[in-house]
Amino acid sequence: MSAPKLLTVSNFYDSHRGGLEIVAGRLARELAGRGFEVTWLASDVTAPPCAAGGVKPQPVHVWNAAERRLGVPWPVLSPAATRRLWRAVGEADAVLLHDSLYMTSMVTALAAAAQKKPLLVVQHIGAIPYRSPLLRGLMALANRVVAAPVLSGADQVVFISQFVSDYFGRLKLRAAPRLIFNGVDTAVFRPPLADEKAEARARLGLEGPVALFVGRFVEKKGVGLIRPLAEARRDITFAFAGWGVIDPAAWGLPNVRVFEGLAGPGLAELYRASDAFLLPSQGEGFPLVVQEALACGLPVVCGDETTGADPRAAPFLVGVDVAGDDAAAIAQRLSVALDTALADAGADASADRAAFARRCYAWSAAAEGHAELLEGLIARRRAAA
């Protein structure tokens, strides 16, 4: 029997450097290694990966004004892209869709239903409590009129954290949902060996205690909350790796450093050069960067909801209430939490965090769980044909 044809759909390729896209790319390659013939359809906003590792990229044209202007990643498919996505669904034996909230989600779900193709949705995010009432309202509306129908119509739903699972817990789904945490590459993201940390800090020009943020520089990631913290804590260097509509370099603070274009081993070196990880985000479930930080042995300061995303990880996380409009009070809470984290940056605690990540977030287990679900969906659809 020929290899099953799997279509993976996401808004962007992993060159976009968001956690969702990085997961989509790695999962596609893992599934290709497990016997699937994988096509990865995503927008042409950033460069597609080379056709390697058994994954064939299929970029489509979109309009991405919402992300450029507001930091909201909601690309709009062109008519040609919509037709191409519809055809790609028809050519597949099964479809794996990353997240349910977008135009790509709607078109993919409609195409799968119309052409009777098994659809598995990996749901990464729940509600994002934007500070803007308009954006909060749009998010709530989109979850009701877009995400809920896509998830309810899917043959199988996978949640990547307990937080996201709880948020959508009232939906009536076709099959019992599965909770499968994202994997992390623990061969790349690992604690420093011997003099690696000192050497990395020298190469990167970092001195003193270093608190690291990794992600897009947008409101939902909590980047704006770090500014008053950095202003108050001149004794700490705040390193930022990523890009977005907020520019920490423009704050004019001597203890802020911005690193662009890092990924894979280069990003892992920055983790190893740091002393704590800081991500005061909301509504994200369990971001991949938290798992990467743990795999590198770093203590993590995060929004308090993230501490409930995986109860097993809670002992390794310092949760902070980052809700509300009192930026000064939030900064004070983050400052106290950061001191707690920095005090727990010793070698023994670092080794415990890294061992936990290796044990609980291996890509092999995550990919195997998705492969079993997809194989079951394809077998049932073929038996019913």
Side-chain angles (χ1 to χ4, degrees), residues 14 17-34 49 52-55 122 124 158 160-162 179-197 199-200 204 210 212-215 239 241-242 259 262-279 284-302 306-307 309-318 341 344-372:
D14 45 8
R17 301 199 304 278
L20 185 154
E21 303 91 66
I22 292 171
V23 168
R26 179 60 185 262
L27 183 55
R29 290 186 286 273
E30 289 282 343
L31 291 171
R34 284 163 171 75
V55 178
V122 180
H124 294 256
V158 169
I160 63 96
S161 78
Q162 189 62 53
L179 181 63
I180 302 178
F181 290 91
N182 293 330
V184 63
D185 189 342
T186 55
V188 173
F189 296 94
R190 55 168 180 76
L193 303 171
D195 296 328
E196 269 190 317
K197 181 169 183 173
E199 292 169 356
L204 296 168
V210 177
L212 172 65
F213 170 95
V214 178
F259 298 86
L262 294 181
L267 180 59
E269 181 182 50
L270 182 56
Y271 277 110
R272 288 192 285 271
S274 302
D275 299 293
F277 185 75
L278 177 62
L279 186 74
E284 289 200 282
F286 200 49
L288 178 64
V289 290
V290 170
Q291 294 168 278
E292 291 174 346
L294 291 174
C296 291
L298 291 180
V300 173
V301 174
C302 56
T306 301
T307 63
D310 181 357
R312 300 170 301 174
F316 300 101
L317 310 176
V318 183
D344 194 30
D348 290 343
S350 175
D352 289 343
R353 286 185 285 265
F356 165 77
R358 288 193 301 272
R359 182 173 68 252
C360 295
Y361 304 131
W363 257 116
S364 57
E368 194 60 39
H370 287 88
E372 289 176 1

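Everything numeric here is computed off the predicted structure, so don't read it as measured data.
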- [ ] Enter the distance from Leu294:CG to Tyr271:OH here, rounded to the nearest 0.5 Å.
- [x] 9.5 Å
TODO: Keeping the roles fixed (side chain from Ser161, backbone from Ala309), state whether a donor-acceptor pair exists under 3.5 Å.
DONE: no
TODO: For a side-chain contact (heavy atoms from CB on, under 4.5 Å) with Val210, tell me which candidate from Leu298, Leu270, Asp275 qualifies.
DONE: Asp275
TODO: State, to 0.1 Å, how close Ala313 and Tyr361 come at their nearest heavy-atom pair, and which atoms those are.
DONE: CB-OH, 3.6 Å
- [ ] Search all heavy atoms of Asp310 against all heavy atoms of Phe356 and return the closest pair with its distance.
- [x] OD2-CZ, 4.5 Å
Task: Asn182 backbone acceptor or donor facing Gln291 side chain under 3.5 Å - done: yes
TODO: Identify the two heavy atoms, one from Ser274 and one from Leu212, that lie closest to each other, and give their separation to 0.1 Å.
DONE: OG-CB, 3.4 Å
Task: Value rounded to 0.5 Å, distance of CG in Asp14 from CZ in Arg26 - done: 11.0 Å
Task: Beyond-backbone contact of Asp344 with Arg353, side-chain heavy atoms, under 4.5 angstrom - done: yes
Open item on the list: Could you tell me if the side chain of Leu267 sits less than 4.5 Å from the side chain of Arg17, heavy atoms only?
Closed with: no
Task: Heavy-atom check, side chain of Leu317 versus side chain of Phe277, under 4.5 Å - done: no
TODO: Report yes if the side chains of Glu368 and Arg34 come closer than 4.5 Å at any heavy-atom pair, otherwise no.
DONE: yes
Open item on the list: Give me the atom names and distance for the closest heavy-atom approach of Gly54 to Ala32.
Closed with: O-CB, 3.7 Å
Open item on the list: I'd like to check Arg312 versus Arg359 (side-chain heavy atoms, cut-off strictly below 4.5 Å). Are they in contact?
Closed with: no
- [ ] Using a 4.5 Å cut-off on heavy atoms from C-beta on, say whether the side chain of Val318 contacts that of Pro299.
- [x] no
Task: Considering all heavy atoms, the nearest Pro191-Ala295 contact - done: CD-O, 3.3 Å
Open item on the list: On a heavy-atom basis, which atom in Val301 and which in Ala341 lie closest, and how many Å separate them?
Closed with: CG2-CB, 3.7 Å
Task: Close side-chain approach of Val214 and Leu279, heavy atoms under 4.5 Å - done: no
Open item on the list: Once rounded to the nearest 0.5 Å, what's the spacing between atom NE2 of His370 and atom CD1 of Ile180?
Closed with: 4.5 Å
Open item on the list: For a 4.5 angstrom cut-off between non-hydrogen side-chain atoms, does Thr306 reach Phe286?
Closed with: yes
